[in-house]
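Below is one structure, written out as structure tokens; the observations come after it.
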Amino acid sequence: MPLKVKRRRRSLRVAITLISGLLPIVLGTVILHMQAERALKQSAGQTAEEAVRQFNLMLDNTAQAAHELLPLAGQTCNDVKLALREQVTRRPFVRSTNLVWDNNLYCSSLFGDYQETVNPGDYTQGVLWLMNGNPVTPNTALLVYRLSNGKKGALTTLDGFHLSNILRLIGRHTLLLLQVGNNWLAADGRVQSSPLPDLPVAQTRLTSEHYAFTVEAGFPEGETWRYMSSEYPPLFSLLMFFGVIAGFISHFAQRRSTSPTHEMHRALEAAEFVPYFQPVVHGDNKRWSGAEVLMRWKHPKEGLVRPDLFIPFAEHSGLIVPMTRSLMRQTAALLAPQSASFREPFHVGINITASHCRDLELVDDCREFLKAFAPGSIHLVLELTERELIEPTAITLQLFEQLHELGVKIAIDDFGTGHSSLGYLRQFKVDFLKIDQSFVAMIGVDTLSSHILDSIIELAVKLDLQLVAEGVESREQSDYLSAHHVNFLQGYLYGKPMPGAEFISALSDH
Ligand code: C2E
Ligand code: CA
Ligand code: CA
């Protein structure tokens, strides 16, 4: 039922709109985040590969020097020191060369004769030692390559400056570490032996296939977001755009599906608004004198909907005018074939609202309605509730003037509950007063209300207006009203509102 749908909370609708708008943004951001992580992982992998390649090349260079010098081990330092220095000069990455005999470094390119014990355990896999400087250059990284054969040995060293340079240049946006055994070197050129630091984003380790070292690459915390904000601004704008579009679509779709006005538009096109007829009888002989047409909504899911649940929305949206037009056409189609059998003008009451009085459309609708009947066979009575009196503007006065000329009667509905003045009743040339059912219900129950009822009856007589009493349910009420010369009676006592076919068959019985 649309009126239930309408009750869907505003906060829920706002939440659905927000979720629909945020969903593409959040999903898109998650996908972009995954994409950025992949790109960073790939970049870290490539950087590590390149670093390993460069370190291999440098170590090849250093190892070649050692290979050339190894056969010279055992000869006197005097005989070989030139050969040692030649390697340092010829090879770009070699900083110093040394010869070893029986684990004793006895000749160095730097000092010539020298004495220092070599401990093979210092070298990872007996070959590489990443050290934090030597007596000549303390606190300067140094990578020593060791080659040995029996008692012969050669040590060539690679300057840490070249290593940290590679770490800095290749890994411009990447954090790069070179690990040899328990020691590691970062781009700042310092050798450390603490546990290797964690690289939080895209951590990648690559071990050389030729030498005993490993390169670790990765990015600092928050790099994924930094990467996204620098690489994906156009995609972010697109996501925002899609988010806003999705939010708008959801908002309008909800409004369409939840708006009672939209639902009523649909119902009007589907001819779901149908007339029910409630008989109105003569006060004296109780014969059927006419009927009030009451609208019902035959809702496909909710069944028969009462008018007070949807009429306010229909009025608010202005749909009440086409809805009433449809009701009048259906009524004419149903009653016109019967009009030949009417012995006196049959009263047909149609409820109208202030929305009907804003222009002159109603005149055409009434003309069309009356044209369907044999002349003089019908009295069209427009019922205007007293609770919603209309302003006497030029257009309304013109409207009522034209309706009057057409022979249309005017009834003030729910009389006694509003504030219509005598002037008002005259200005709109009112023909009937419909006494509100609340006064009828008080007959024999509440003396004050009965008093008001008597005053209304008195007033109608004085103003020469015809009276209709609504909501007559008991014999006592009926008798009281008849005794007070109320012209017409309407209520469950004589008949409840009923569908057209039922009304037509009941009509022939009366
Ligand atoms: P209303 O014009 O005062 O119509 C009389 C209402 O009283 C009807 O309710 C009718 O079913 C009910 N009624 C009749 N006799 C008795 C009775 O003996 N006892 C009781 N308790 N009730 C009785 P309904 O059909 O539910 O309509 C309610 C209101 O909806 C109407 O009050 C009228 O203001 C509005 N309405 C109905 N159809 C239309 C329409 O086509 N256009 C407009 N603008 N309003 C309509
Ligand atoms: Ca009415
Ligand atoms: Ca009424």
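Every number for a ligand or one of its atoms is a count from 1 in the order of the listing.
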- Should the pair W297 and H299 be assigned to parallel (<30°), tilted (30 to 60°) or perpendicular (>60°) ring geometry? tilted
- Using the six-membered ring wherever Trp is involved, compare the ring planes of Y232 and Y227 and label them parallel, tilted or perpendicular (cut-offs 30° and 60°). perpendicular
Could you find the nearest protein heavy atom to [atom] and give me its residue, atom name and distance?
atom	result
atom 2 (O) of ligand 1	D413 OD2, 2.9 Å
atom 11 (O) of ligand 1	P497 CG, 3.3 Å
atom 41 (O) of ligand 1	L327 CD2, 3.2 Å
atom 43 (C) of ligand 1	N351 CB, 3.5 Å
atom 35 (C) of ligand 1	P307 CB, 4.3 Å
atom 12 (C) of ligand 1	Q437 NE2, 3.8 Å
atom 31 (C) of ligand 1	L294 CD2, 4.3 Å

- Looking at D413, the N/O/S atom that lies nearest to the Ca ion (ligand 2) is called OD2
- Task: Name whichever N, O or S atom of E383 ends up nearest to the Ca ion (ligand 2).
- Result: OE1
Heavy-atom count check: over 12 atoms from other residues, nucleotides or ligands less than 6.0 Å from [X] [atom1]?
X	atom1	answer
N182	CG	no
H282	NE2	yes
K298	NZ	no
E221	CD	no

- Is the distance between the Ca ion (ligand 2) and the nearest N/O/S atom of E292 smaller than 3.0 Å? yes
- Query: Would you say N351 reaches the Ca ion (ligand 2) with an N/O/S atom under 3.0 Å?
  - Reply: yes
- Using a strict 4.0 Å cut-off to heavy atoms of G491, name the atoms of ligand 1 that fall inside it. 15 (N), 18 (O)
- Message: At a threshold of 3.0 Å, where the distance has to be below it, does the Ca ion (ligand 3) have an N, O or S atom of E470 nearby?
- Response: yes
- Task: Could you confirm whether D414 has any N/O/S atom lying under 3.0 Å from the Ca ion (ligand 3)?
- Result: yes
Under 3.5 Å between any N/O of [X] and any N/O of ligand 1: does that happen in this structure?
X	value
M295	yes
Y492	yes
T353	no
Q490	no
E292	yes
Q278	yes

- Query: Looking only at non-hydrogen atoms, which of L384, V472, I311, D414 approaches atom 46 (C) of ligand 1 most closely?
  - Reply: I311
- Message: Judged on heavy-atom distance to atom 19 (N) of ligand 1, which of R306, E470, H356, E473 sits nearest?
- Response: E473
- Task: Run the contact test for K434 against ligand 1 with a 4.0 Å cut-off on heavy atoms, strictly below, and give the result.
- Result: no
- For D436, does its backbone N or O pair with a side-chain atom of D414 as donor and acceptor, under 3.5 Å? no
